[in-house]
Amino acid sequence: MRRSRISKRRCRSGGGRLDASTIAIVEHNLQIIDQAIGQAREALVGDPANSYLNSHLVEARRRKLDLLRRATALTTDMN
């Protein structure tokens with residue numbers, strides 16, 4: 001999670017270099033992914049051994065990190 005917060009901060013700090021609509025799309029997609037992560041966590045409370053839910057949670061976290069990495073790369077590529 002710490003890496004995710006750092007990437008999110010870097011992405012936002014590069015906001016002056018990204019178009020406002022691009023930032024809005026990235027933030028919207030992050031909200032969707034965060035909802036999926038939250039739902040998977042909630043479901044795992046009731047069924048912690050469920051392999052589908054566990055892999056879904058891992059995949060959602062991976063998608064979030066990938067999105068943050070790509071958005072961060074966009075801000076650094078524009079320098």
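- The CD1 atom of Ile23 lies 7.0 Å from the CD atom of Glu27; values are rounded to the nearest 0.5 Å.
- The two atoms that bring Ala40 and His56 nearest to each other are CB-CD2, 3.8 Å, heavy atoms only.
- To the nearest 0.5 Å, atom CG of residue Asn50 and atom CG of residue Leu57 are 11.5 Å apart.
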**OP:** Kindly determine whether Leu67 and Arg70 satisfy side-chain contact (heavy atoms from CB on, under 4.5 Å), including the steps that lead there.
**Re:** CA-CA 5 Å; Leu67 176 60; Arg70 284 183 282 157; 4.2 Å; yes
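- With rounding to the nearest 0.5 angstrom, the NE2 atom of His28 is 10.5 Å from the CG atom of Leu30.
- The two residues Leu53 and Leu44 make their nearest non-hydrogen contact at CB-CD2, 3.5 Å.
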**OP:** Just do the side-chain contact (heavy atoms from CB on, under 4.5 Å) check on Leu74 and Val26 with the steps written out, would you?
**Re:** CA-CA 11 Å; Leu74 284 174; Val26 169; 6.0 Å; no
Original post:
For Glu59 and Arg63, what are the C-alpha separation, side-chain angles and deciding distance, and is it a side-chain contact (heavy atoms from CB on, under 4.5 Å)?
Top reply: CA-CA 6 Å; Glu59 181 61 22; Arg63 282 192 312 264; 3.3 Å; yes
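- What you find for Pro48 and Gly46 is that their closest heavy atoms are CD-C, 3.7 Å.
- The distance from atom CZ of Arg61 to atom CG of Asp34, rounded to the nearest 0.5 Å, is 11.0 Å.
- The hydrophobic cluster containing Tyr52 does not contain Val58, counting ILVMFWY residues as joined when their side-chain heavy atoms lie under 4.5 angstrom apart, directly or transitively.
- Atom-to-atom distance recorded for Arg62:CZ and Ile33:CD1 is 9.5 Å, nearest 0.5 angstrom.
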